[in-house]
Amino acid sequence: MAPGKTASKTASAVAPEDDKNPVRPVARPLAMVLFGSPGSGKGTQAKYLMDWLHIPQISTGDMLREHIRSGDSIGKAIQERMRAGSLVSDELVNQLVFERIGQPDARRGFILDGYPRTPAQAEEMMRLLSAAGAGEVVIHLVVDYNVIIARMSGRRVCPKCGTLYNSVSRPPRVEGICDLDGATLVVRDDDREEVVRERLAQYERQTRPLIEFFRATSDRLIEVDASRDRPEVVFERIKSELKDLVQG
Ligand code: ADP
């Protein structure tokens, strides 16, 4: 499907009983699928979409990190793979997503961030969405490979307060120092160069090919250039592609 092309089975969301919800009150829950390489800005766009549409962000990366933080059996089982930049098993992420989209706050729709990442996940997602009666919109954030490398290698985090910086897009006032508490910034474990390379290799091998699957099967696929402009500008582009989903 050509960029921005709208197929006939356009997805839309159910929101009849909530006046504050801006999504058009029509028959089906809306699944927004954010698709793109690590470092393409999926998490940032997911937050904007969440504020705009009042539907929750479902980030498999966040859910998995939460298990690691809590130290439960799932966390223990996955921490080595996550640390190495490898994907965790399809069975596990499929199960986590299945449980999460069954929660009451996801009944009108949800934003999938970081899922699906493999053919088995994509097929399972289609099954889950069809069982939920949801229609999906896939948003492909298209970013040049070299831009991704530059972005990810410039990422720093404050070990004290967790604030994220980026030497390109969000530099601290003083290089290497947190604006908020003066701590020396560090490179996050999974932003180390060899891990970044592994994450990008995984993406190229297992995830990028899914775009062909979406072209063939999805209700609607939009492709948005996310290489050069600030995140707010990229979001405006997404919004203008999705105007017909939202009232007013
Ligand atoms: P990024 O998109 O920057 O790689 P994420 O937070 O989405 O970051 O993912 C971090 C890590 O979590 C991945 O490298 C992988 O180990 C694991 N992960 C997240 N989502 C999935 C998924 N859908 N399938 C398998 N592993 C996943």
Side-chain angles (χ1 to χ4, degrees), residues 31-47 49-50 56-70 72 74-101 110-129 136 138-143 145 147-157 162 164-166 168-170 187-211 213-214 226-227 231 234:
M32 295 286 233
V33 182
L34 277 168
F35 188 80
S37 153
S40 60
K42 294 189 298 289
T44 309
Q45 297 303 327
K47 297 254 162 8
L49 284 167
M50 189 167 74
Q57 171 193 17
I58 299 180
S59 156
T60 44
D62 285 352
M63 288 196 285
L64 295 168
R65 277 186 289 274
E66 193 45 49
H67 280 287
I68 292 179
R69 243 192 312 275
S70 78
D72 63 11
I74 293 181
K76 290 204 174 78
I78 62 178
Q79 65 190 11
E80 279 318 309
R81 293 193 69 79
M82 294 263 300
R83 192 170 294 149
S86 307
L87 296 183
V88 310
S89 79
D90 291 331
E91 290 71 26
L92 175 63
V93 280
N94 285 338
Q95 181 65 23
L96 291 177
V97 170
F98 167 72
E99 284 167 13
R100 182 63 187 85
I101 67 178
F110 43 84
I111 301 154
L112 292 173
D113 162 11
Y115 178 91
R117 262 173 152 100
T118 64
Q121 292 179 21
E123 274 161 29
E124 180 63 10
M125 179 190 81
M126 286 306 197
R127 261 195 299 278
L128 291 175
L129 297 186
E136 85 286 350
V138 179
I139 302 174
H140 180 197
L141 299 176
V142 183
V143 185
Y145 189 83
V147 173
I148 294 283
I149 299 277
R151 273 187 199 168
M152 293 184 73
S153 59
R155 220 138 77 157
R156 298 288 181 276
V157 62
L164 283 170
Y165 295 89
N166 190 296
V168 189
S169 55
R170 197 193 165 206
V187 176
R188 210 176 64 175
D189 232 17
D190 58 349
D191 284 340
R192 282 177 296 125
E193 196 182 322
E194 66 277 21
V195 181
V196 167
R197 278 187 199 292
E198 178 56 25
R199 283 159 73 198
L200 290 174
Q202 295 268 3
Y203 177 79
E204 292 301 323
R205 209 166 39 236
Q206 310 211 52
T207 310
R208 185 191 289 283
L210 295 183
I211 206 70
F213 173 84
F214 291 133
S227 270
V234 173

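One-based numbering, in listed order, for ligands and for the atoms of each.
With contacts defined as side-chain heavy-atom distances shorter than 4.5 Å, the pair Leu164/Asn166 does not qualify. In this structure the side chain of Leu96 reaches within 4.5 angstrom of the side chain of His67, judged on heavy atoms. Using a 4.5 Å cut-off on side-chain heavy atoms (C-beta onward), Tyr115 and Glu124 make contact. Inter-residue side-chain proximity for Phe214 and His140 is flagged as unmet; no heavy-atom pair is nearer than 4.5 Å.
Relative ring orientation between Tyr203 and Phe35 is described as tilted, the plane-to-plane angle lying within the 30° to 60° band.
When non-hydrogen atoms are compared, ligand 1 lies under 4.0 Å from the side chain of Leu64 (C-beta onward) but not from its backbone. At a heavy-atom cutoff of 4.0 Å, ligand 1 is contacted by no atom of Ser59, backbone or side chain. Residue-level proximity to ligand 1 for Val88 is carried by backbone and side chain together, each with a heavy atom below 4.0 angstrom.
When hydrogens are left out, the protein atom nearest atom 11 (C) of ligand 1 is Met82 SD, 3.8 Å; that is the closest non-hydrogen contact. Regarding atom 24 (N) of ligand 1, its nearest protein heavy-atom neighbour is Gln121 NE2, 2.9 Å. If you check which protein heavy atom lies closest to atom 10 (C) of ligand 1, you get Arg65 NH1, 3.6 Å. Here the protein heavy atom with the shortest distance to atom 20 (N) of ligand 1 is Thr60 OG1, 2.8 Å.
Salt-bridge check for Arg199 with Asp191: passed, with a basic side-chain N closer than 4.0 Å to an acidic carboxylate O. A salt bridge does not link Arg197 to Glu194: none of the charged nitrogens lies less than 4.0 Å from a carboxylate oxygen.
The shortest heavy-atom distance from Met152 to ligand 1 is not under 4.0 Å. Every heavy atom of Gln202 sits 4.0 Å or more from the atoms of ligand 1.
By the 3.5 Å distance cut-off applied to N or O atoms, Asp62 is not counted among the residues near ligand 1. Looking at Arg199 next to ligand 1, an N or O pair under 3.5 Å apart turns up. Of the polar atoms of Gly114, at least one N or O is found under 3.5 Å from an N or O of ligand 1, judged by distance alone. Considering backbone and side-chain atoms together, Ser86 places an N or O closer than 3.5 Å to an N or O of ligand 1. Between Arg81 and ligand 1, a contact under 3.5 Å exists for no N or O pair.
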Between Gln202 and Arg117, is a side chain to side chain contact (heavy atoms under 4.5 Å, CB included) present by the stated rule, with each step listed?
-> CA-CA 9 Å; Gln202 295 268 3; Arg117 262 173 152 100; over 6 Å; no
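Here atom 5 (P) of ligand 1 lies nearest to Arg117 when heavy atoms of Arg117, Arg155, Lys42 are compared.
Under a 3.5 Å cut-off, the side chain of Gln45 and the backbone N or O of Pro231 do form a donor-acceptor pair. Judged by distance alone, with hydrogens and angles left aside, the side-chain atoms of Thr60 form a donor-acceptor pair with the main-chain N or O of Gly114 at under 3.5 Å.
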